[in-house]
Structures are given as C-alpha cells and as structure tokens.
Amino acid sequence: MDWKETLNLPKTDFPMKGKLPEREPEFLKFWEEIGLYERLNQRQGPVFVLHDGPPYANGHIHMGTALNKVLKDIILKSRRMMGYRAPYVPGWDCHGLPIELNVERELGVRRGELPKNEIRKNCRAYAHRFIDIQREEFRRLGVLGDWDNPYLTMTPEYEATIAREFVKFLASGQVYRRKKPVFWCTHCVTALAEAEVEYENHRSPSIYVKFPLAEDARAALPDLPKAPVSVVIWTTTPWTLPANLAVALNPEFEYVAVKWDEEILLLAEGRLSALCAELDRDLPEILCRFDPRRLEGRHARHPFYDRESLFILADYVTLEAGTGCVHIAPGHGEEDYESGLKYGLEVYSPVDDTGHFEEDMPLFGGKEIFSANEEIIEVLREKGRLLYASEIEHSYPHCWRCKKPVIFRATEQWFISMEEAGLREKALQAIERVTWIPRWGRERIRGMVEKRPDWCLSRQRAWGVPITVFVCKKCGELLREEKYYQKVLALFEKEGTDLWFEREPKELLPEGTRCPVCGNEEFRKEEDILDVWFDSGVSFAAVLERRPELAFPADLYLEGSDQHRGWFQSSLLCAVGTRGVPPYKSVLTHGFVVDGQGRKMSKSLGNVVHPQDIIKKYGAEILRLWVASEDYREDIRLSDEILKRLVEAYRKIRNTCRYLLGVLCDFEPQKHRVPWEELPEFERYLLYRLGQLIKRVRRAYEEYQFHIVVQEIHRFCVVELSALAIDINRDRLYCDHPEDRLRRATQTILYEALEALVRLMAPILSFTAEDIYQYYPFPREAESVHLLSFPEISWPEPDEEFVESWERRLLIRGEITKALEKARQETKLIRSSLEAEVLAAVPAEKRPIFADPAYWEYLAIVSSFKVVESLPEPGEKEVLWEAEEVPGLKVLVRRAPGKKCERCWQWKPEVGSLEDYPALCSRCREVVRRLKEEGRLKE
RNA sequence: GGGCCUAUAGCUCAGCGUAGGUCAGAGCGCACGCCUGAUAAGCGUGAGGUCGGUGGUUCGAAUCCACCUAGGCCCA
C-alpha cells in the first residue's frame, strides 16, 4: 500500500509564489473595502504624530520619495501594533518656480505675458494633476493613510495659514525690507531665480585697475619708499566699478608691494608671477611683504570718483585668477553683498530695471551698462588707473528665455531677521531640546543655523502666496499690526490668495485705515510672493494645529538628510519664531539612494532605477523589503544583485510561513494547544528562542532599526525554524498519530511562531503578512493582520542553565552532523542520515547530557544512537570523528542495523518481523493500527 | 574650497560611540554533497575578509588620533 496516505503531510492552499505584481492590488482593494485606515484611526490609545513632509507636486515619484514614504509607513504601522493611534496625513508642496516654469513651457508663453491669475490657475491645475499621479503611486506601495484628505499648500485654508503666519512675523517686528542682489535680465526686465539662469560662454573685457591708497592705508605700510602706491584689482565687469565700495583681501595670503616703473603696486604674492606673465614683464623688485590684516578697515581711493573704498577681508578671495585683491560692489554680487553686510556697506546699485545707469550718476548717467564698459575703460585710461586691458572668454550667466547675458542687481526684498527678536538664539536652544537621529543631525543643523544669513522671503514670481504687506504711499511706512490684515486673511480663508492680485488695497484693508504715521489713506500692496520654504515651514500650523486627529508638536519628522537645510530648518524657524518651541520632538533622517557602487543615481551615469520598474518586476513588497533591509541612516544602495538577494530572502520567509500553515492544517489552538508546563525541553528551548526574536524585533522597531528586524526574522526562519524546529520534528509531525501529544506540542510552538512572525513582519511585508493571515487554517482574531498587536511573550523565561545546556546540545549535534557529512561525502557510507547509526564515546563528566539516547536519535535525525565506553575499530567506510569544538567527544558513524521502514524511512531491527505489517517499524505499526480502528483510513 | 557623514567577506548587516586585548561574526550567495513526503521547495559541509589606505598613541586597535583615497548630502 501507499503509506503516504497514512501520513500527516502539510496541506495548505497558500501559494508558494507570491505573484506580487498582480496580487498586491487585490490587497489594496481589500484594505480599502474594510476601511482599514479609518478603523485604525478610530481606536483608542496614545497618539503618535508623524508629520509628513510634503513632496513637490511635480513629476512622478522616484526611489527617494518611495523610500521616504515606505519608511514612514513602516514606522506608523509598527507604532500602531505597539498600541498607538498613529494617523497619517500625507501632504504636497504645490507652489513654486519649477511648476510655474513648466506651465509657461506647456502654454508656450513668456513670463509676464499672461495675467498673474491666469498663470496661477494653470499652475493650480498642473499641481492637481501630479498630486493625483503621485497619490496613486504612493498608494500602490502599500502606504496606509488619509489619501482622500491630504493637505495641499495651495488650498484656501492652507494659503490663509501661510499668510497668517507671515503676518505674525511681521507684527512681531521680525520682518524687514532691504536691497539684495538677484539675477536680473535687463532685456526681459525681470528678476530671475537661480533655476532660470544658464551658463554660456561669453566675451568680456578683462581689466586690471589701480586703486590708489588713501592716507590711512599708506600709513599702514610705512616702510615703502616715496612713490604713488596702488592696490591692483582685476574685473571682467567694468560697469560695476561705479558701484565699487570696497577691496577685499584674503587674510590667509601673503601680499607684496612691488616696484612697478615709477610707482608701487600691491597684490597677493601668489599672483605676482602670473600677472607678470600675462603682461609680459619681468618680475619686479619686491619692496616688502605684508599681512593683509594691516589694511583691514583702511581705505583706497575710488579709481574715478572722489570717494574712498574700504579694505576688507574675505576668505572667498582665491589665487586662481586676478590679483588676490577683489573689487567689491555689494549691489552687484552675492559675495560682495555678504561682505557688505558684514562691514556695514550700503547695498549700492545705481542701475535701473532696463540696465541703464541712473540719470544723476556722474560720468555715465543714463548709459546702457554693457555699452558703457568701453567708456569706463577709457576714463580709467585717461586717469592713469588702467594697468592693463584685454578680453576674456568665460562662462557667464544668461537668461534661459531670451539667452541674453544677465546681471546681478540689488532690488528691494523682504527678510526675516535672525537677530531682531533673537530668532537664531532661540532656534539654537530649541535644537538642543530635540532628539536627532542619528545624533550627528544636531551638529549639522546647528552649524547651519549658526551661520545662516537672514531669511530672504521674496520671490519675484506669480505662483505662490503673496507677501501680505501694505505700504503707505505717502511716507513709506509699513502696516505691521495684525489688525490691518484680519480682513484679507478672512478672505483668503474662503477664496484663496488669488484675490490679492486682483483687488485694490482699499478693498483688502479694513474700512477707514489710515497710515499710523502720516494719516494718509493711500496704500500700495507688495507684489512679491513668499519663498516656498515658508509655505511648507508653517505646515505645523496648517495641519498639526488644525486637524483634530493630529497634535502639535509632532512626535517625529522624517526626511532625507538634505532637509537639514530645507524643511527641518524652515519648520524650526517658523515654529520658534511664532510659538517659541520646535515643531517636532524628534527628527529622523535617511540618506540618499545610490547605485551598487555607492554612486548617486543620475541620468548621465545611466544608473537610475525607477520604483515603477521594481513594482512591475518584483512587486512593491520587494521594494518595501529593500527599504527595510538597508541601514537607511547612510546612503542606501540599490542594484540588481541586491534585489535578487532580497527576492531570495523573501521566498525563504514566505515558504517557511507556507510550511507552517500547512503543518498546522489540523491544529485547532483552542483544543490542541499544549501548555508550557507539558512541553518537551526542545520545544521550550525553541519558545525561548522565539521570545528572543520577539524582544529583539520589538526593540528594533522602537529604535527605527528595520534592517535588524529583517535580519532577525530571516535568520529565525532559516535557523530556528527550517534547520532546527522543522527538520528535527519532521518525523514526529508526519509519522506520529495526529493526536499524539508530542506532535501537538511541536505544533503548539510552530503555531506560536507563525502568530509571532506574521505580526512582526506586517509593518514591512504588509502584503505578505496579510496574505498569510488570510490563509490561517484556524479562526482569526481580526479581519486584517494590520488590526493586530505585536506578539507578547506568554511563557516563562527559562533559567540560564537550561539555555546553556541546550546550546551545548546543539553544539554536539553540529559535531554529529559533521561526522555524518563525512560519511556521506568521503566514504559514501550513507546518503540519508536515517541510514546511519551513531556511536558516541564521551568523558564521564559529559555522560548526563547523553542520558537519553532515544532523544539523540530524534535530535540528530538518525535511526540509532548509542553511548559507549569506548569506540570499536571503524569498519570499512565507517567514519571515526573527533569533535572539533566539544573536547573529548568521539563519534563513530556506521550503517544502522535492520531494514528501512516503508512508512517512516527509519532503519529499525524489527522491520520485517512484525506479523501484520512486515514493512513497518513498531511505532508505525501502532499508528496505522490505531488509525484503522478509528476509521481514519480509507480502505 | 568649507560643514556633516560613510567605507568590515561577492550581497545585506553585527561588532566599533558610554568600558581598545577569545571581535574577525551572522544570514544570503558561491562550491561540493544529500533528499525527493515544504519540490520552480528542503537539509548538510566547505571555501571566502591584511576590518578603504598610510602613519601615530599603546604591551596590544576593525575599535582612539592625524593624514590620504573613494563616495554621499549641504554650502561655496
């Protein structure tokens, strides 16, 4: 007969292959149908608020955004299983230049050609389009959240919040107006953002200009002979010379005074030979060397105006070109501007919107700046200030629209002061009170906040929230108090901010508003819009404070490490500036996705991987597993090999669970569960190991160390379950009578393992955990695995001695396995381990551990095990093994006596001698007899 | 160029920081073999690392310090 029919083989319909790409959507639908998110969110329990940083509503999701969202999902799911109520409100950042540029491109219009609100309408539609796209893509990843009610920075309520928070800053005196240079296209007559500038080759004048020293500077260099002394600067923009206010030297360089014909010139020593080479001159005599710090605060004379130019120090001065002495015009350059602020210089920019010098400017008033270059050079020549003039071809910023060269020009802008109300100091103190994970995040953001300049809020664009400021037309006074803005804020709340651009100040201001200084009733409204970092920076006010299910401050912000400069900082400044406290209790950062070699993903390197491709090929589950398996605090590598390894790990976990489902097919926990007190030792030991797993995994989740979770779960499936629990107990599970107490005991611990595994994996392998859960052969506690809690350890902790004794036993078992392997590979004595008999000779002190030889047959999966005083001489092919790691243990492997039982495949002496079942061993005969009596067999 | 960070077997990670001296580990992959009653599964054994490099501190360093190389993020 076919004895297979009498065995308890595993049985389950749970498929071996996940077919993830096609089946995942079914689970998404299932969760949707049962209202999973809503149900989780309605539960009681302490709240855990993870505030979502809004991705930009432009383009499809990429690996970085996928990584970020999956991490958030894992965190939230794990917190829910710890008993928290953990809502998730996703958001999108909707305003800003990239969208506006794309819309202009799609519309084929140039900046300013359409009314602001026409552009804004299109931008709004554009953002909505990509929000819908990204929403579906994020959902597909299995990320659970309030996707139907996300927060958008462009809704009327949100826009009103942005304006309201700005007004708070304004009213508290932290907002001021100042000139600052920006890229400016004189052809398009508009300011340009960094992103609107392209670098092209351009031919410019290259001139060396002499600035004579004023008396105070001359006095700082007393040793020089009597002769005119000038400092030499180099510039490629002669038209900025009228705006010159300073000359910068690098405090780290050594400077020299050299004899140059009848006069004396000053420059960095490191540039002297290069300059002489360019001017084709011999090296001049060096009269003296000096530390540039001697000149700081003293003056040179402007080369053609009757005013002075301040000597300053700046470390951005290089020796790569020029003279090591840099002409500074704070109104016409970024670094010049920074230095100007430091030294209290005026942001002087005598150039109008169309690129003409102001009319009243001496010498060049009204002239177009680029064409004035020649005249300026001529004046320098006439005044004897020109050392040398030539031309140079170099990279120069051009307008991306009209392709004409752009300039740096100072215009009025709005700032939040870091100092006025102690914002910097307060922010630095707040940083100390936040938990930064990893810890270096604190140093990083602290360094940035310490050094950052005042926050420039102005953007000369259309797609954003207006800077709501009214200015008195008569005296220029700003209306700062909140009362002036209540009306317009209320309008924003209902209708959004478009109306700011359509209505007159009179319609927006409270009736009868007069300037508090001059009493005038005419006001001008600001036209600039706010930096988008302000939009997202106030999300705590628009979302955390306004949504009933959330709370301020958040427990956690989680974004890429680039956000130390971005959202972490803008949120911190906004919250500290208006609330005095940080918006988050802790901040977790992740690194960036790089390729298998650790290089960043870029189109030019051709190493970009798209989440869509992974989902299509392997499923979102594998992407989630990838996110969880890497230590995301550093750069996160992604390659084909990594994905292949993950797929293998996934299969192992899936298959192990499949086996558990199968082997538990006749197990009813209520009826069959064996209490801990009655479990055999090995089962107790396995439970101990399961307890270890639960502890480690729970701790790893608490510490956001998901790669530990994955490693532990995978290792448990491989080692504890596959190689130990299942392999050793296979005979018992298959061959013993179904109701056998020992079999039920083994099933009990496998049941505990399954229940634990499915819960522990659920936050990461969300689809698979659900899949397994739905195939449970016994009643389920809840409708979805995601409604469950993490497993608790419901059995006693064994004492150390017990654990040690089992670890010793497993070590001994390892030695036996090695001996069996030798008998298999080298002498070909056996094939299956059941063909073997093992004789063990051990020193007296190790005897107790071998007290029960039958138990060792079971543990080593052999047909016969004997403990002997001394081993016999090994016969042909027999293997003598001296243990490597268990001192004194010697093992002999030989063929097991008897014949092979056709049912359990063990070799037993009695096989062939039993009357009714000559093919079976005595154990199997008993089982079969009983099954027959009970009518469990078909025949 | 500056700030912060990373670099352990083919892959993913432990160990490194709040204790420098059995710390060179795990799982996977690979090689070889077994099983065919988890079967496009399962089990076993084995081979892989001068702990990025060079100096230094120390009786002794993957573990502390300096520099260098490669890479990442943010600035310039």
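Numbers restart at 1 for each chain; the letters A, B, ... are given by sequence-line order, proteins then strands.
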Practice problem: Return yes if a side-chain donor-acceptor contact under 3.5 Å exists between A/Thr6 and A/Arg903, otherwise no. | Solution: yes
Self-check item: Pairwise C1' distance for B/G71 and B/G52, with rounding to whole Å
Solution: 11 Å
Quiz item: Going by the angle between their ring planes, with limits at 30° and 60°, are A/Phe778 and A/Phe667 parallel, tilted or perpendicular?
Solution: perpendicular
Quiz item: What integer distance in Å separates A/Gln705:CD from B/U12:P?
Solution: 17 Å
Quiz item: With a 4.0 Å cut-off on heavy atoms, is A/Glu335 in touch with a base, just the backbone sugar-phosphate, or nothing at all?
Solution: sugar-phosphate
Exercise. Describe the nucleic acid contact of A/Leu7 in one word from base, sugar-phosphate, nothing, applying a heavy-atom distance below 4.0 Å.
Key: base
Quiz item: Between B/C73 atom P and A/Gln563 atom CD, what is the distance in whole Å?
Solution: 13 Å
Exercise. Could you tell me whether A/Gly598 contacts a base, only the sugar-phosphate backbone, or nothing, with contacts defined as non-hydrogen atoms closer than 4.0 Å?
Key: sugar-phosphate
Quiz item: For A/Lys4, which contact category applies under a 4.0 Å heavy-atom criterion: base, sugar-phosphate, or nothing?
Solution: base
Quiz prompt | Distance (rounded to the nearest 0.5 Å) between A/Cys901 SG and A/Tyr917 OH | solution = 12.0 Å
Quiz item: Using the glycosidic torsion, which applies to B/G20: syn (within 90° of 0) or anti (everything else)?
Solution: anti
Which atoms of nucleotides 23-28 of chain B (N or O only) lie under 3.5 Å from a protein N or O atom, and what are those distances?
| residue | atom | partner | partner atom | Å |
| --- | --- | --- | --- | --- |
| B/G27 | O2' | A/His714 | ND1 | 2.9 |

Exercise. Pick base, sugar-phosphate or nothing for A/Ser639, based on heavy-atom distances below 4.0 Å to the nucleic acid.
Key: nothing
Quiz item: Using a cut-off of less than 4.0 Å, is there contact between a side-chain N or O of A/Tyr734 and OP1 or OP2 of B/A38?
Solution: yes
Exercise. For A/Arg452, report the nucleic acid contact type (base, sugar-phosphate, nothing); a contact means any heavy atom under 4.0 Å.
Key: nothing
Practice problem: Would you mind pulling out the nucleotide paired to B/A7, Watson-Crick or G-U wobble, both distances under 3.5 Å? | Solution: B/U69
Quiz prompt | Salt-bridge present (A/Arg654, A/Asp771; N to O < 4.0 Å) | solution = yes
Quiz item: So which nucleotide does B/G20 pair with, by the Watson-Crick or G-U wobble rule with both distances under 3.5 Å?
Solution: none
Exercise. Sequence neighbours left out, what passes side-chain contact (heavy atoms from CB on, under 4.5 Å) with A/Ser339? Give chain and number order.
Key: A/Ile312, A/Ala314, A/Tyr316
Quiz item: Which base, if any, makes a Watson-Crick or G-U wobble pair with B/G25, both distances under 3.5 Å?
Solution: B/C13
Quiz item: Among A/Ile772, A/Val697, A/Ile653, A/Leu721, which residue meets the side chain to side chain contact (heavy atoms under 4.5 Å, CB included) test with A/Leu757?
Solution: A/Leu721
Self-check item: Mate of B/G42 where both pairing distances stay under 3.5 Å, Watson-Crick or G-U
Solution: B/C34
Practice problem: Mind checking side-chain contact (heavy atoms from CB on, under 4.5 Å) for A/Val718 and listing every partner two or more places apart, or none if nothing turns up? | Solution: A/Lys652, A/His714
Exercise. Report which part of the nucleic acid A/Glu712 touches: base, sugar-phosphate, or nothing (heavy-atom distance under 4.0 Å, all strands).
Key: nothing
Quiz item: Can you tell me how far P of B/A7 sits from CZ of A/Arg633, to the nearest Å?
Solution: 13 Å
Self-check item: Rounded distance in Å between the P positions of B/A47 and B/U57
Solution: 37 Å
